[in-house]
J.: 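Here it is, the structure, as structure tokens.
As the structure is a computational prediction, the values presented were derived from the model and not from experiment. When a residue number appears, it is its place in the shown sequence, counting from 1.
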Amino acid sequence: MSKLQVLVAVFLIVVSVNALVSRDGKTGKLPALGFNSWNAFRCDIDERKFLVAAQRMIDLGLKDAGYEYVNIDDCWSLTTRDPKTLQIVPDPTRFPDGISGIAKKIHALGLKLGIYSDAGPTTCAGYPGSLGYEDIDAKSWEEWGVDYLKYDNCNIPANWTDKYQYWPVYWYGGHENQVGGTPAPPGYDWSKSNTTVRYNRMRDALRKHEGKSSILYSLCNWGRSHVERWANGTGQSWRIWNDIAPQWEGWILRKSTHWGFMPILNHAIFFLEYSNFWGHSDLDMLEVGNGNLTAEETRTHFALWAALKSPLLIGTPLDAIGSEDLAVLKNWEILAFNQDPVYGAPAFPYKWGINPNWTWNQTHPAEYYSGSSSRGIHAFIMNTLNKTVTKSAVFSEIPGLSPMKTYEVHDMWTHKKLGDYKKRYDFRLNAHDTAALLFTENGEKHPCPHKLPLPDCYKGKPKRWV
């Protein structure tokens, strides 16, 4: 093992030790599974839509598959606080029984309720945010029975902006061009930034008012201020990029930039070492069922979000979802990797494919990933090209496998054994599709039940990214 690999391995241990463990000993240990309203409905929300989503989660078998959160996004309140209590007031037209009322109904179905706020004075849609009201709002959510908080990053006052700027969309792998701001000097401690202070204030308020169960705290500052470096001690997940769009690559402009799958994935893979139990990089909510995605693109989106241990929050109307998309969301083998109770690390890239290792490229990011679960060694191999190609899982390249041994190869999409192979497994892969493979020894024996070594490509990871 190289000195750099040792450094990364030690870093992974430190991240795990410093993770914010919830007081109930379970909330946030694994990536969240559930439903969120934003990608499906934006501000067009009311109680009925969430109760329909909750019931459909049950009827469609999603609850049995592990999905448990029903999350209300922006636009759930009135535009002003109560003048006496200073509490945020739920919109009585949208939520006639208040948030506590819908929480009771969601809980009666055996599910959990999520809420949304912002680390500024107003939310992205212009409703009351929580900056300066953290204690009041955390107390309200605990009293109302809320189980999950998504905490956004819009409309930050000038006195709360950071001294230095780091926005992932202006980072290009080898250099930064932080338009409109000053890049931080080398070695700057981002845990001292104003952004960290704002998010830690809500963390402290949530813990102050915590009851028998913990509220999962999901940071949504779009990867700014190097959130991955400090968020593990603040919450249980952190967004790493701007908002997602239901498209393969590129970006579109709505009120802000929304990005396809490849740019988000390209950024995420440079910072995977920060994710493990109790803390997860959030690649944003799922777009399965939205837009004009091909079946292959849908499979890749879901498989790699799951493989990288991102939270998986459904963002499409569940009363209109198609059978193929539903089957992807319910794939028990992909979900099992994401939710593995023994192996918390995500799948890591073991080679790039189209480009040299550690190439920053928003069209062709790393194509080859591997990781371990309680069942065996997994490989997720993607085709970023616009044509069908032949791909190979070469055993000498995959951590935990040996070219001298024969392995049973299993397809996690079809749930079928593909055969016994030695040295490599070759296969055809459609444009924008991802193969999800499980490798075991004879009799489904785990090839490497202890902790996997990092892939060899990490020997060459630039030190400035470690």
J.: Taking atom CG of Asn177 as the centre, does the number of heavy atoms from other residues, nucleotides or ligands within less than 6.0 Å exceed 12?
T.: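 Yes, enclosed.
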J.: Going by the ring pair (Phe, Tyr, Trp, His ring centres under 6.0 Å) test, which pairs reach into residues 20-43, not counting sequence neighbours?
T.: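 Of all non-adjacent pairs touching residues 20-43, none passes ring pair (Phe, Tyr, Trp, His ring centres under 6.0 Å).
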J.: For Gly315, does its backbone N or O pair with a side-chain atom of Asn290 as donor and acceptor, under 3.5 Å?
T.: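 Yes; judged by distance alone, with no hydrogens or angles, the pair exists.
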J.: So which atom in Ser22 and which in Lys26 form the shortest heavy-atom distance, rounded to 0.1 Å?
T.: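 Looks like OG-N, 3.6 Å.
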J.: Suppose we screen for side chain to side chain contact (heavy atoms under 4.5 Å, CB included). Which residues come up paired with Gln247, at least two apart in sequence or across chains?
T.: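 Partners of Gln247 under the side chain to side chain contact (heavy atoms under 4.5 Å, CB included) test: Ala245, Ile252.
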J.: Tell me whether the rings of His446 and Tyr343 are parallel (<30°), tilted (30 to 60°) or perpendicular (>60°).
T.: parallel
J.: Looking at residues at least two apart in the chain, or sitting in another chain, which of them share a side chain to side chain donor-acceptor pair (under 3.5 Å) with Ser193?
T.: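 Here the qualifying residues are Thr196.
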J.: Any non-hydrogen side-chain atom of Ile269 less than 4.5 Å from a side-chain atom of Trp352?
T.: yes
J.: Is the side chain of His301 donor-acceptor paired with the backbone N or O of Glu287 at a distance under 3.5 Å, no angle test?
T.: yes
J.: Side chains of His364 and Thr384 only: does a donor on one sit below 3.5 Å from an acceptor on the other?
T.: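 The criterion, which ignores hydrogens and geometry beyond distance, is satisfied for Thr384 and His364.
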J.: Evaluate the side chain to side chain contact (heavy atoms under 4.5 Å, CB included) criterion for residues Arg94 and Trp76: first the C-alpha distance (whole Å), next the side-chain angles of each, then the deciding distance (0.1 Å), finally the verdict.
T.: CA-CA 7 Å; Arg94 297 178 189 264; Trp76 58 269; 5.9 Å; no
J.: For a quick test of your reading: what N or O donor-acceptor pairs under 3.5 Å do the side chains of residues 51-60 make, sequence neighbours left out?
T.:
from	atom 1	to	atom 2	distance (Å)
Gln55	NE2	Asp59	OD1	3.0
Arg56	NE	Leu318	O	3.3

J.: What are the two closest non-hydrogen atoms of Ser214 and Asp24, and how far apart are they?
T.: N-OD2, 3.0 Å
J.: Determine the interplanar angle of the Tyr407 and Phe439 rings, folded into 0 to 90°, and report it as parallel if under 30°, tilted if 30 to 60°, perpendicular if over 60°.
T.: perpendicular
J.: To the nearest 0.5 Å, tell me how far Asn338 CG sits from Leu312 CG.
T.: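 Rounded to the nearest 0.5 Å, the CG-CG separation comes to 4.5 Å.
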J.: Lys330: what forms a side chain to side chain contact (heavy atoms under 4.5 Å, CB included) with it, not counting sequence neighbours?
T.: Leu62, Leu326
J.: Do the side-chain N and O atoms of Asp73 and Ser37 include a donor-acceptor pair separated by under 3.5 angstrom?
T.: no
J.: Under the side chain to side chain donor-acceptor pair (under 3.5 Å) rule, collect the residues that match up with Ser191, sequence neighbours excluded.
T.: Asp189
J.: Quick one: does Asn232's side chain have a donor or acceptor within less than 3.5 Å of a partner on Ala19's backbone?
T.: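 The answer is yes, because a donor-acceptor pair under 3.5 Å joins these two groups.
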J.: Does Glu333 have any side chain to side chain donor-acceptor pair (under 3.5 Å) partners at least two apart in sequence or in another chain, and if so, which?
T.: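 Counting only residues at least two positions away or on another chain, Glu333 forms a side chain to side chain donor-acceptor pair (under 3.5 Å) with Arg375, His410, His415.
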J.: To the nearest 0.5 angstrom, please state how far the CG atom of Asp74 sits from the SG atom of Cys124.
T.: 6.0 Å
J.: Using a distance-only test with no angle check, is there a side-chain donor-acceptor pair under 3.5 angstrom linking Asn242 and His258?
T.: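 There is no such pair between these side chains.
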J.: Among all residues two or more places apart in sequence or in another chain, which pass the side chain to side chain contact (heavy atoms under 4.5 Å, CB included) test with Pro183?
T.: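 Here the qualifying residues are Glu176, Gln178.
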J.: Ignoring hydrogens and geometry, is there a side-chain-to-backbone donor-acceptor pair from Asp411 to Lys416 under 3.5 Å?
T.: no
J.: Using the ring-ring contact (aromatic ring centres under 6.0 Å, His included) definition, which of the options Trp167, Trp241, Tyr170, Tyr172 pairs with His267?
T.: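 That would be Trp241.
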J.: Start with the C-alpha distance between Tyr368 and Cys457, add both sets of side-chain angles, then the distance that settles side chain to side chain contact (heavy atoms under 4.5 Å, CB included), and finish with yes or no.
T.: CA-CA 11 Å; Tyr368 296 82; Cys457 68; over 6 Å; no
J.: Hey, what do you get for CG (Leu313) to CG (Leu286), rounding to the nearest 0.5 Å?
T.: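 One gets 7.0 Å once the value is rounded to the nearest 0.5 Å.
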J.: Can you pull out every disulfide (SG to SG under 2.5 Å) where at least one residue sits in residues 262-342? Sequence neighbours excluded, please.
T.: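 Applying disulfide (SG to SG under 2.5 Å) to every pair that reaches into residues 262-342, excluding sequence neighbours, yields nothing.
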J.: Please give me the minimum heavy-atom distance between Phe337 and Ser372, naming the atom from each residue.
T.: CE1-O, 3.6 Å
J.: Between Trp238 and Ser275, what is the shortest heavy-atom contact and its length?
T.: CZ2-OG, 4.4 Å
J.: If we ignore angles and hydrogens, is there a donor and acceptor under 3.5 Å between the side chains of Asp162 and Thr195?
T.: yes
J.: How far does CD1 of Ile377 sit from CG of Leu438, to the nearest 0.5 angstrom?
T.: 9.0 Å
J.: Would the distance check show the side chain of Lys405 and the main-chain N or O of Phe395 forming a donor-acceptor pair, the cut-off being under 3.5 Å?
T.: no
J.: For the residue pair Gly120 and Asp118, what are the closest heavy atoms and their distance?
T.: N-OD1, 2.7 Å
J.: Sequence neighbours excluded, which residues qualify as salt bridge (Lys or Arg N to Asp or Glu O under 4.0 Å) partners of Glu296?
T.: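 If we apply the salt bridge (Lys or Arg N to Asp or Glu O under 4.0 Å) test to Glu296, skipping adjacent residues, there are no hits.
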J.: Output, in order, the C-alpha distance, side-chain angles, deciding distance and verdict of side chain to side chain contact (heavy atoms under 4.5 Å, CB included) for Gln362 and Trp251.
T.: CA-CA 10 Å; Gln362 292 187 336; Trp251 59 274; 5.8 Å; no
J.: Whether Lys391 engages the ring of Phe427 as a cation-pi pair (distance to the six-membered ring centre under 6.0 angstrom, angle to the ring normal within 45°) should be assessed.
T.: no
J.: Hey, does the side chain of Lys309 reach the backbone of Pro31 with a donor-acceptor pair shorter than 3.5 angstrom?
T.: no
J.: Under the side chain to side chain contact (heavy atoms under 4.5 Å, CB included) criterion, do Arg207 and Leu20 qualify, and how do the steps go?
T.: CA-CA 11 Å; Arg207 291 177 77 83; Leu20 183 68; 3.5 Å; yes
J.: To the nearest 0.5 Å, tell me how far Leu149 CG sits from Leu216 CG.
T.: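 So the CG of Leu149 and the CG of Leu216 are separated by 9.0 Å.
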J.: Given 3.5 Å as the limit, does a donor-acceptor pair link the side chain of Tyr199 with the main chain of Gly235, or not?
T.: no
J.: Is there a donor-acceptor pair closer than 3.5 Å between any side-chain N or O of Asp147 and the backbone N or O of Gly114?
T.: no
J.: I want to know whether Trp358 and Tyr458 have ring centres closer than 6.0 Å.
T.: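 Yes, the ring of Trp358 comes within the 6.0 Å limit of the ring of Tyr458, centre to centre.
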J.: Parallel, tilted or perpendicular, judged at 30° and 60°: which one describes the rings of Tyr151 and Tyr217?
T.: tilted
J.: Can any side-chain N or O of Asn331 pair as donor or acceptor with the backbone N or O of Met412 at less than 3.5 Å?
T.: yes
J.: For residues Ala103 and Gly145, report the shortest heavy-atom separation together with the two atoms involved.
T.: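 Minimum heavy-atom contact is CB-O, 4.0 Å.
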J.: Which residues satisfy the side chain to side chain donor-acceptor pair (under 3.5 Å) test with Arg428, sequence neighbours excluded?
T.: Thr390
J.: Scan side-chain atoms only and decide if Asp152 and Tyr116 contain a donor-acceptor pair under the 3.5 Å cut-off.
T.: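 Judged by distance alone, the side chains do pair up.
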J.: Under the ring pair (Phe, Tyr, Trp, His ring centres under 6.0 Å) definition, can you give me all pairs with a residue in residues 54-75, not counting sequence neighbours?
T.: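 Output for this query lists Tyr69-Tyr148.
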J.: Distance-only, no hydrogens or angles: does the Asp325 side chain make a donor-acceptor pair with backbone N or O of Val328 under 3.5 Å?
T.: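 Pair absent, no side-chain N/O of Asp325 close to backbone of Val328.
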J.: To the nearest 0.5 Å, what is the distance between CG on Asn357 and NZ on Lys461?
T.: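 Between Asn357 CG and Lys461 NZ, I get 12.0 Å after rounding to 0.5 Å.
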J.: Looking at side-chain heavy atoms only, is the closest gap between Phe348 and Ser370 below 4.5 Å?
T.: no
